[in-house]
There are 2 protein chains.
Amino acid sequence: MPTSTVENYVKQIYLQQQSRAADLLPMGQLAAAMNVVPGTATAMVKTLAESGLVEYEPRGGIRLTEGGARLALHVLRRHRIIEAFLVDVLGLDWSQVHEEAELLEHVVSDKVLDRMDALLNHPQYDPHGDPIPTSQGDIAEQAILPLMSCKSGDQAIVARVSDQDPEFLQYIERHGLVPGTQINVSSLNTLADSVEVRLPKDKTVVLGSNAAAKILVRPHIAG
Amino acid sequence: MPTSTVENYVKQIYLQQQSRAADLLPMGQLAAAMNVVPGTATAMVKTLAESGLVEYEPRGGIRLTEGGARLALHVLRRHRIIEAFLVDVLGLDWSQVHEEAELLEHVVSDKVLDRMDALLNHPQYDPHGDPIPTSQGDIAEQAILPLMSCKSGDQAIVARVSDQDPEFLQYIERHGLVPGTQINVSSLNTLADSVEVRLPKDKTVVLGSNAAAKILVRPHIAG
DNA sequence: GTAGATGTTTTGAGTAATCAAAATAGTATG
DNA sequence: CATACTATTTTGATTACTCAAAACATCTAC
Ligand SMILES: [Mn+2]
Ligand SMILES: [Mn+2]
Ligand SMILES: [Mn+2]
Ligand SMILES: [Mn+2]
């Protein structure tokens, strides 16, 4: 059985590999993402390579093997179903569930996970809009774009909020930008580095590009 | 923060101290209960003593301090609420939940536990009939007796089944002896080392004294 | 094409938990 | 009371994970 640490590393390698273009993930990135010093990441990666979970090219970087990706998707499935369960069944705030799930994902059995999944009616997305892999390890690649890639006047639906910082999530919720919300890009100015969106009840929110980068939308053709 | 291991030791010391009469719990008992070799228990107990959770008398044994008992009851509360939640909300079998709770008890936050507790309507007992300590650390001491202490003809209600072996629990459930069941001691023979009980629908079950010792009942005055 | 700067690996060390097996203390037995 | 048995503690090792700091490799600039 993989330890919690191994599961966390493999999951993080998967997530980092998603967001970067390159084939090989540099050690420094991994160390930073895992909050460990570089030497620790090197040591760990060697044991991951021993277990056949990653391919390791010294001074080059790493990539997940087939088996590594399978494990990563398993952990991700657990994590996201647990998040959905904590929000929908236990009524926790979406800003808190990531941290909880970070621990629970390593101890919840398949049986318990299946029950949660059934109780939730086999959800496709977690509370932050991240897709939930199937138990077979298939994951839906959504056609979504960063908010800043819209043009003024565009209609869109908030699809995902890709940050786990509770403060940020609470701010987003207070202003009604949760996944599923229909929005209208009222003005987008790359020079001023900001975007204004109009929400259903004619409220408006202004976000700088750093914040807007965390909001991913599904373009929506009006009418 | 105490590690999972520390929590497991302290909880086990509490449980062992309950079931034995003596004030000091011998090292051997603890080692056996924790499934470790005696040397491991000695090493661990020294660190528990350092942390002020137990008093340790070398070659005598150990006893929980005030703080140790508080921690034990906290863990026990978590364990039992989780068990109740897994059975009542997720629909797991009562024979399986002990093992699940053994892991979950160390990672479920206070917030999540409170939600579970509320959703269950603040249960007093877990699925096996064990009392759930309050968040203040108070635990109801029930006036219950081993089944073998009854006399032929006695009425009683099954209050607790004190074994976590899934096979045994499944057997008990198949024969309808779950907590809450009204029973009638139709014959009890100490020489033959066995007891026969009659259940609501006139079914009967025979148990040897070893099995009967795990069934605790609340005597019930008929009429 | 040598000199830095940057990123990575190595080395040495520490914590938490465990086991196997030797040493020791305490108790019971002839 | 000496011997033997039993329970407990000690000692020496191992596994998993981590950090600090030194050593090393690679790429960049001048
Ligand atoms: Mn995790
Ligand atoms: Mn999420
Ligand atoms: Mn446990
Ligand atoms: Mn129980």
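Side chains included, hydrogens not; waters and symmetry mates left out as well; all remaining heavy atoms used. Convention: sequence-line order gives letters A, B, ...; per-chain numbering from 1.
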All side-chain hydrogen bond (donor to acceptor under 3.5 Å, both in side chains) counterparts of B/Glu99, not counting sequence neighbours: none

With sequence neighbours excluded, residues passing side-chain hydrogen bond (donor to acceptor under 3.5 Å, both in side chains) with B/Asp93: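 Testing B/Asp93 for side-chain hydrogen bond (donor to acceptor under 3.5 Å, both in side chains), a comparison that skips the adjacent residues, returns B/Ser95.
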
Using whole Å, report how far [atom1] of [X] lies from [atom2] of [N].
X       : N      : atom1 : atom2 : value
A/Leu30 : C/dT9  : CG    : P     : 11 Å
B/Leu48 : C/dT18 : CG    : C1'   : 15 Å
B/Glu50 : C/dA17 : CD    : P     : 13 Å
B/Met34 : C/dC19 : CE    : C1'   : 15 Å
B/Leu24 : D/dA7  : CG    : C1'   : 15 Å

Among pairs that include at least one residue of residues 63-82 of chain A, which meet ring-ring contact (aromatic ring centres under 6.0 Å, His included), considering only residues two or more places apart or in two chains?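 Passing the test, one end in residues 63-82 of chain A: A/His79-A/His98.
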
Can you give each donor-acceptor pair under 3.5 Å made by side-chain atoms of residues 48-58 of chain B, sequence neighbours left out, with the distance rounded to 0.1 Å?
unit_1  : atom_1 : unit_2  : atom_2 : d
B/Ser51 : OG     : B/Thr47 : O      : 2.8
B/Glu55 : OE1    : B/Arg63 : NH1    : 2.7

Short side-chain N/O contact from A/Tyr56 to OP1 or OP2 of C/dT9, under 4.0 Å: yes

Please state whether the phosphate of D/dT9, meaning OP1 or OP2, lies under 4.0 angstrom from any side-chain nitrogen or oxygen of B/Lys46. no

Assign a letter to each nucleotide of nucleotides 15-26 of chain D from its 5' end: B, base within under 4.0 Å of a protein heavy atom; S, sugar-phosphate only; -, no contact. --SSBS---BS-

Mind checking what makes side chain to side chain contact (heavy atoms under 4.5 Å, CB included) contact with A/Val161, not counting sequence neighbours? A/Trp94, A/Val158, A/Phe168, A/Leu169, A/Ile172, A/Pro179, A/Ile215

Between A/Glu100 and A/Gln96, a side-chain donor and acceptor under 3.5 Å: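 Absent: no donor and acceptor within the cut-off.
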
